[in-house]
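Proteins get letters first, then strands, A, B, ... in listed order; numbering begins at 1 in each. All values below come from the heavy atoms of this structure, side chains included, with hydrogens, waters and symmetry mates left out.
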Protein chains: 2
Amino acid sequence: MRELYRQDLAQLGIELERMSHNVSRAIERAVKALREGDLAMAEQTIDADERLDDAARNIDEMCVALLALQNPVASDLRLILGALRLSQTMERQGDLARHIALIARSTYPAHSISESAAPLIGRMGDAAVEMGRLEEQLVASQDLDLANKIADKDDVLDDLQTHVRRLVLDDTQDFTHAQIIDLTLAARFLERLGDHTVSVARRVTYIVEGASVHTTDEGGIAGRL
Amino acid sequence: MRELYRQDLAQLGIELERMSHNVSRAIERAVKALREGDLAMAEQTIDADERLDDAARNIDEMCVALLALQNPVASDLRLILGALRLSQTMERQGDLARHIALIARSTYPAHSISESAAPLIGRMGDAAVEMGRLEEQLVASQDLDLANKIADKDDVLDDLQTHVRRLVLDDTQDFTHAQIIDLTLAARFLERLGDHTVSVARRVTYIVEGASVHTTDEGGIAGRL
């Protein structure tokens, strides 16, 4: 019985790692789809979201079974509660990657992001991708030094979002209404991806150290573009 | 020991009801702030968000203590796991209400929403407020008939968001860039509030009936404006 229990906990860790790997891939693909107007990448990201939903459901079911049958305490309980939160956060990241891919797809073969905004959105994309990779490494290694790197990158992402807002607010810039909508939402979704990576970092810290289970979903600035 | 345990579970229910009441109030105020350009309402909504964060943290701590000390099973376990998810969803609703209030405040004393879009945003606001009230009633009564009403209202909200998008996309409409940003984000935040109310309904259903703990955060359409 206890040996099975340890196996189940180890399996839970493996499922979390796998999910964080697939989230990181989804972010990469979504950013590539947006930046390059790559339809195949967009479709792959949209399709992958359903598999991330399934992964989250699977993790949740493992957690509920462990709680119901095994009466876990201390660090095991923290792992299971942390996993319930992680699955939800990473599932939401899959949704956001899909939203970004939907923007890319909706304007294909044209690019969604206007030329003047492309460098800024590109830098936001780079930061989001790098945060996704740090998140994957953190879930796998539980090396809390990575949490600090994640926080720094999130600050960069927030700053870039402010720059995007400033660019869009310039009424002399020749944007169509559709471009403004896409730019506003793309920057918002990229910034939210970063917030969720910060949440993941807090939750892994909770699993390792047993700090508060609670983490607000707002990683950075107030969240307006 | 068991009597204290029952008291703690009852208290958990009371805290959830109180939080859902305060979320419903926050949504009402945010919508009023946006619609009427009411600065006091905006400030109240922004301030209330911190109290909602505290409420969520408090509920989470109660849940963790119950799980760690009481080995709850069956319907008690469902209540506690459901409460952990509800607190997170309602906390996020508080964030969204704050975001809407921040939009209202940022343009004060001018209205954030242009005259041509005000009727549509007004109807989205009405739907979001009504969903917040249904959510409060549902958490208090656990009457699952309310869950169907919530789903219907969410469809209305999603349709309205599509109408807002269509309006904004019309390049002959005389919007400033700032108006397009505010309209895009306000509609997005209102639509997300509705999605979260749908999540709450699914989670209350889980508590009552023991269906899957998992619910995607996307209540309605794919989520683009």
Side-chain angles (χ1 to χ4, degrees), chain A residues 46 49 53-54 56-61 63-64 67-69 71-74 77-78 80-81 84-85 87-89 91-92 94-96 98-99 102-103 106 165 167-173 175-185 188-189 212-218 222-225, chain B residues 46 49 53-54 56-61 63-64 67-69 71-74 77-78 80-81 84-85 87-89 91-92 94-96 98-99 102-103 106 165 167-173 175-185 188-189 212-218 222-225:
Chain A
I46 294 162
D49 182 43
D53 291 348
D54 289 342
R57 200 171 297 118
N58 180 38
I59 288 169
D60 289 350
E61 282 166 8
C63 290
V64 172
L67 286 168
L69 302 174
N71 188 24
V73 292
L77 179 60
R78 286 209 307 272
I80 294 165
L81 292 177
L84 277 170
R85 289 281 161 105
S87 74
Q88 202 172 5
T89 302
E91 190 249 288
R92 187 71 202 134
D95 291 339
L96 289 165
R98 178 167 55 85
H99 290 337
L102 286 169
I103 292 176
S106 69
R165 184 181 175 81
L167 178 72
V168 181
L169 279 177
D170 181 354
D171 279 318
T172 65
Q173 288 275 341
F175 293 122
T176 64
H177 292 190
Q179 284 173 333
I180 297 174
I181 295 175
D182 285 345
L183 199 46
T184 299
L185 290 178
R188 167 94 191 144
F189 296 148
S212 166
V213 70
H214 185 87
T215 162
T216 169
D217 271 335
E218 297 296 306
R224 289 197 59 207
L225 175 73
Chain B
I46 294 162
D49 183 42
D53 291 350
D54 290 342
R57 202 172 294 115
N58 180 37
I59 287 169
D60 290 351
E61 282 167 6
C63 290
V64 173
L67 286 169
L69 302 174
N71 187 25
V73 291
L77 179 60
R78 285 208 308 270
I80 295 165
L81 292 177
L84 276 171
R85 289 283 161 103
S87 74
Q88 200 172 8
T89 302
E91 189 249 288
R92 187 70 201 133
D95 291 338
L96 289 165
R98 178 167 54 86
H99 290 338
L102 286 169
I103 292 176
S106 69
R165 184 180 175 80
L167 178 73
V168 182
L169 279 177
D170 180 355
D171 280 318
T172 66
Q173 289 274 341
F175 293 122
T176 64
H177 292 189
Q179 284 173 331
I180 296 174
I181 294 175
D182 285 345
L183 199 46
T184 299
L185 290 178
R188 166 96 191 143
F189 297 148
S212 166
V213 70
H214 186 88
T215 162
T216 169
D217 271 333
E218 297 294 308
R224 290 194 60 204
L225 175 73

Are the side chains of [Y] and [X] in contact, using a 4.5 Å heavy-atom criterion?
X: A:Thr184; Y: B:Leu185; answer: yes
X: B:His177; Y: A:Leu183; answer: no
X: B:Ile181; Y: A:Leu169; answer: yes

Value for NE2 (A:His99) from CZ (B:Arg188), rounded to nearest 0.5 Å, stands at 4.5 Å
Contacts of A:Asp54 that satisfy side chain to side chain contact (heavy atoms under 4.5 Å, CB included) - sequence neighbours left out: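 Residues passing side chain to side chain contact (heavy atoms under 4.5 Å, CB included) with A:Asp54: A:Arg57.
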Run the side chain to side chain contact (heavy atoms under 4.5 Å, CB included) test against A:Asn71 and tell me which residues pass, sequence neighbours left out. B:Asn71
Which portion of A:Asp49 sits near chain B, non-hydrogen atoms under 4.5 angstrom: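 The answer is neither part of A:Asp49.
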If one checks every heavy atom of A:Leu77 against chain B at 4.5 Å, the contacting part turns out to be side chain
Closest non-hydrogen atom pair between A:Leu84 and B:Arg85, with its separation: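 Shortest heavy-atom separation between A:Leu84 and B:Arg85 comes out as O-NH2, 2.7 Å.
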Pick from B:Ile59, B:Asp170, B:Asp171, B:Ile180 with the largest number of heavy-atom pairs that fall under 4.5 Å of chain A: B:Asp171
